[in-house]
Amino acid sequence: MKLGLMLSALVAASVIGCTKKSEDTIKVGVFGPFTGGSAPMGVSMRNGVQIAIDEINASGGILGKKVVMVDRDDEAKNERGGQIMQEFLDKENVVAVLGPINTGVADASTQYPNQKKVPMIINVSAGAKVNELFKTYPENYVFRIAANDDIQSKVIVSEAIKRGYKKPALLCDDTNYGQNGREKMEAVLKGLNVKPVYVGKFKIKDTDMSAQLQEAKAAGADVLLVYGIGPELAAISNSMSRIGWTPEMIGSWTLAMSNYITNAGKNGNGTKMPQTFIEAAATTPKQKKFVEDYKAKFKESPIASAVSAAQGYDSMYLLKNAIVQANSTDGKKIKDALENLNAPYEGVTGTYTKPFSTTDHEAVKENNVMLGQVKDGIVIQATTDKK
């Protein structure tokens, strides 16, 4: 009898201890690809979030509670995104979710925060549906701090036209991300009465794009507009060198990924892409401190995906500011605060004054975006002179 009472007391104490620990922390779910071809983006994003959490906890946490990251590798697999999101919401009881990277993964995940009324801030995926979700979910718990495909496509096409090109070729991967980018770029071109002379595609893990490039060359293309991720974009640059046809290449922000720059080598020089943050162009005290802290903590220079890291960092601070303003970790109250943030936030990717509203959950606008250019193994701010 006494043994039974002792065991019961131990179990009760354990439950109370776990409950108290849970009450003393704020859990934030973070997911992305931490392995595979998209890993530079996923790992950098997670690292950026971690720096923000470390700073927040060092200054007393949020509402007096320690912030704890719960991270999961989605392996860039769509079905993993949905599984992870359900685990975050049903088992881990996170107060909000940050991530992911890949369009398909994001689109397979967003129904769950809307159903459970838990805010999600997409901090890298450019192609995921965000404002489009208002039609299905009028309250919409999904936000984004990243340059979406509408913005990227406009910047890419505008740069090509500004540089005097008249016969663009489009070459995009066959994922949701690549084909969404292609569709957006075609729409921008159509609005300018410009028709691409060639439209092609490739698969993830393809290493030779010579056939597509020969077709683009034969069609008379004078510029190449691309959408994909690092390894395959590098294969395009290397294939261009092999066939001896090297028109200017302008494309998605992912041309700044370390596995593009490293794999393309000298063939990547001059490639241009939209960026919300360029490590080599860091000028504000906030940006400089972020770069220094990142290098010190993760022993990495340059940052594998500086845009992902910076947007990860800023997403955590926007969440923190919303929780403080709401004075609550209730999902509805956090969402309402995000839609009406009182104080401006000076971040790494820019200063945000009321970045969200009840009808617009996109924080990044075209004026937040600059043009980057690969030069000798790093990304620098590009010159916008005509060719």
Side-chain angles (χ1 to χ4, degrees), residues 26 28-30 45 48-49 51-53 55-56 62 67 95-101 106 110 113-114 117-134 137-155 253 274-278 282-287 290 306-370:
I26 290 176
V28 177
V30 176
M45 178 273 288
V49 174
I51 290 174
I53 288 175
E55 290 177 357
I56 291 165
I62 303 176
V67 181
V95 303
V97 178
L98 305 178
I101 309 300
T110 52
N114 272 314
K117 301 187 183 302
V118 173
M120 174 184 186
I121 303 178
I122 295 175
N123 51 19
V124 178
S125 175
K129 295 178 178 64
V130 174
N131 282 344
E132 296 90 334
L133 297 174
F134 279 108
Y137 303 100
E139 288 193 326
N140 195 9
Y141 280 73
V142 179
F143 299 78
R144 172 161 43 209
I145 177 169
N148 64 31
D149 285 338
D150 288 313
I151 292 172
Q152 287 195 70
S153 299
K154 186 176 178 183
V155 171
W253 75 270
Q275 300 281 275
T276 57
F277 174 66
I278 296 175
T283 54
T284 70
K286 182 95 169 184
Q287 291 173 335
F290 172 74
V307 166
S308 303
Q311 290 170 182
Y313 178 92
D314 285 347
S315 68
M316 184 60 227
Y317 267 102
L318 287 175
L319 174 61
K320 179 247 185 185
N321 292 351
I323 294 173
V324 170
Q325 182 174 311
N327 195 32
S328 172
T329 55
D330 173 74
K332 175 70 164 61
K333 291 179 180 178
I334 296 172
K335 181 190 85 76
D336 290 346
L338 281 168
E339 291 176 336
N340 188 31
L341 286 169
N342 294 329
Y345 164 64
E346 182 196 346
V348 177
T349 60
T351 297
Y352 296 93
T353 302
K354 293 194 180 300
F356 308 115
S357 71
T358 56
T359 57
D360 183 5
H361 284 187
E362 299 275 12
V364 174
K365 310 304 180 189
E366 193 174 342
N367 61 5
N368 295 109
V369 178
M370 67 194 94

Student: Taking the side chain as every heavy atom from C-beta outward, state whether Tyr313 and Thr349 have any atom pair closer than 4.5 Å.
Tutor: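 In short, these two side chains do not touch, never coming nearer than 4.5 Å.
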Student: I want to check something: taking the side chain as every heavy atom from C-beta on, are Leu318 and Pro355 in contact at a cut-off of under 4.5 Å?
Tutor: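 Counting from C-beta outward, Leu318 and Pro355 do come under 4.5 Å.
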Student: Closest approach of Val118 and Val95, non-hydrogen atoms and distance?
Tutor: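 For Val118 versus Val95, the nearest heavy atoms are CG1-O, 3.4 Å.
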Student: Output all residues satisfying side-chain hydrogen bond (donor to acceptor under 3.5 Å, both in side chains) with Lys332, sequence neighbours left out; order by chain, then residue number.
Tutor: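 Expected list: Asp336.
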Student: How close do Ile151 and Asn148 get, heavy atom to heavy atom, and via which atoms?
Tutor: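 Minimum heavy-atom contact is N-OD1, 3.0 Å.
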Student: Using side-chain hydrogen bond (donor to acceptor under 3.5 Å, both in side chains) as the criterion, list what pairs up with Asp150, not counting sequence neighbours.
Tutor: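 Scan of Asp150 (side-chain hydrogen bond (donor to acceptor under 3.5 Å, both in side chains), adjacent residues dropped) gives Lys184.
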Student: By side-chain hydrogen bond (donor to acceptor under 3.5 Å, both in side chains), which residues pair with Asn123, not counting sequence neighbours?
Tutor: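 With sequence neighbours excluded, Asn123 shows a side-chain hydrogen bond (donor to acceptor under 3.5 Å, both in side chains) to Ser315, given in chain and number order.
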Student: To the nearest 0.5 angstrom, please state how far the CD1 atom of Ile323 sits from the CD1 atom of Ile56.
Tutor: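 Taking CD1 in Ile323 and CD1 in Ile56, the distance rounds to 8.5 Å.
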Student: Say you draw a straight line from CD1 of Ile121 to CD1 of Ile334; how long is it, rounded to the nearest 0.5 Å?
Tutor: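 Result: 9.0 Å between the selected atoms.
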Student: Rounded to the nearest 0.5 Å, what separation is found between the OG1 atom of Thr110 and the CG atom of Leu133?
Tutor: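 Answer for the OG1-CG pair, Thr110 versus Leu133, is 4.5 Å.
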Student: Is the shortest heavy-atom distance from the side chain of Asn342 to the side chain of Gln325 under 4.5 Å?
Tutor: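 Yes, side chains in contact.
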Student: Parallel under 30°, tilted from 30 to 60°, perpendicular over 60°: which one fits the rings of His361 and Phe356?
Tutor: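 Perpendicular.
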Student: Could you tell me whether the side chain of Gln152 and the main chain of Ala147 form a donor-acceptor pair under 3.5 Å?
Tutor: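 Side chain of Gln152 to backbone of Ala147, a donor-acceptor pair under 3.5 Å: yes, one is there.
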Student: Suppose we screen for side-chain hydrogen bond (donor to acceptor under 3.5 Å, both in side chains). Which residues come up paired with Thr276, at least two apart in sequence or across chains?
Tutor: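 By the side-chain hydrogen bond (donor to acceptor under 3.5 Å, both in side chains) rule, Thr276 matches Gln311.
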Student: Please collect all salt bridge (charged side-chain N to carboxylate O under 4.0 Å, His left out) contacts where either partner lies in residues 358-367, sequence neighbours excluded, each pair once.
Tutor: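 Salt bridge (charged side-chain N to carboxylate O under 4.0 Å, His left out) check on residues 358-367 returns Arg144-Glu362, Lys154-Glu366, Asp360-Lys365.
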Student: Closer than 3.5 angstrom, by distance alone: can the side chain of Gln287 be matched with the main-chain N or O of Ala310 as a donor-acceptor pair?
Tutor: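 Absent.
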Student: For the residue pair Gly48 and Phe290, what are the closest heavy atoms and their distance?
Tutor: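 So the two residues come closest at CA-CE1, 4.4 Å.
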Student: So which atom in Ile122 and which in Ala106 form the shortest heavy-atom distance, rounded to 0.1 Å?
Tutor: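 Closest approach of Ile122 to Ala106: CD1-CB, 4.4 Å.
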Student: Any donor and acceptor pair, going by atom type alone, linking the side chain of Asp314 with main-chain N or O of Gly347 inside 3.5 Å?
Tutor: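 Checking the backbone N and O of Gly347 against the side chain of Asp314, no donor-acceptor pair under 3.5 Å is found.
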Student: Atom CE in Met120, atom CG in Asn114: separation rounded to 0.5 Å?
Tutor: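 The CG atom of Asn114 is 9.5 Å from CE of Met120, to the nearest 0.5 Å.
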Student: Return the minimal non-hydrogen interatomic distance between Val130 and Val142, and the atom names on each side.
Tutor: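 Minimum heavy-atom contact is CG1-O, 3.5 Å.
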Student: To the nearest 0.5 Å, tell me how far Tyr317 OH sits from Ile145 CD1.
Tutor: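 CD1 of Ile145 is found 13.5 Å from OH of Tyr317.
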Student: Rounded to the nearest 0.5 Å, what's the gap from CZ on Phe134 to OG1 on Thr358? Could you check?
Tutor: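 Answer rounded to 0.5 Å: 7.0 Å.
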Student: Measure across Lys354 and Leu341 and return the closest heavy-atom pair with its distance rounded to 0.1 Å.
Tutor: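 Closest heavy-atom pair between Lys354 and Leu341: NZ-O, 3.2 Å.
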Student: Under a 3.5 Å distance rule, please check whether Lys320 uses its side chain to pair with a backbone N or O of Ala52 as donor and acceptor.
Tutor: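 No, the answer is negative, given that no donor and acceptor are paired below the 3.5 Å cut-off.
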Student: State which residues pass salt bridge (charged side-chain N to carboxylate O under 4.0 Å, His left out) with Glu132; sequence neighbours excluded, sorted by chain then number.
Tutor: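 For Glu132 there are no salt bridge (charged side-chain N to carboxylate O under 4.0 Å, His left out) partners, ignoring immediate neighbours.
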Student: Knowing that exactly one of Ile53, Val67, Thr329, Val28 qualifies, which makes a side-chain contact (heavy atoms from CB on, under 4.5 Å) with Ile62?
Tutor: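 When Ile53, Val67, Thr329, Val28 are each tested with Ile62, the side-chain contact (heavy atoms from CB on, under 4.5 Å) holds only for Val67.
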Student: What verdict does the side chain to side chain contact (heavy atoms under 4.5 Å, CB included) test give for Met45 and Val30, after you've listed the backbone C-alpha separation in whole Å, the side-chain angles of each residue and the deciding distance to 0.1 Å?
Tutor: CA-CA 9 Å; Met45 178 273 288; Val30 176; 3.8 Å; yes
Student: Under 6.0 Å from the NZ atom of Lys333, do we count more than 12 heavy atoms belonging to anything else shown?
Tutor: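 For Lys333, atom NZ is not crowded (no more than 12 foreign heavy atoms under 6.0 Å).
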Student: Where do Tyr352 and Asn368 land on the side chain to side chain contact (heavy atoms under 4.5 Å, CB included) test, with the steps shown first?
Tutor: CA-CA 9 Å; Tyr352 296 93; Asn368 295 109; 4.0 Å; yes
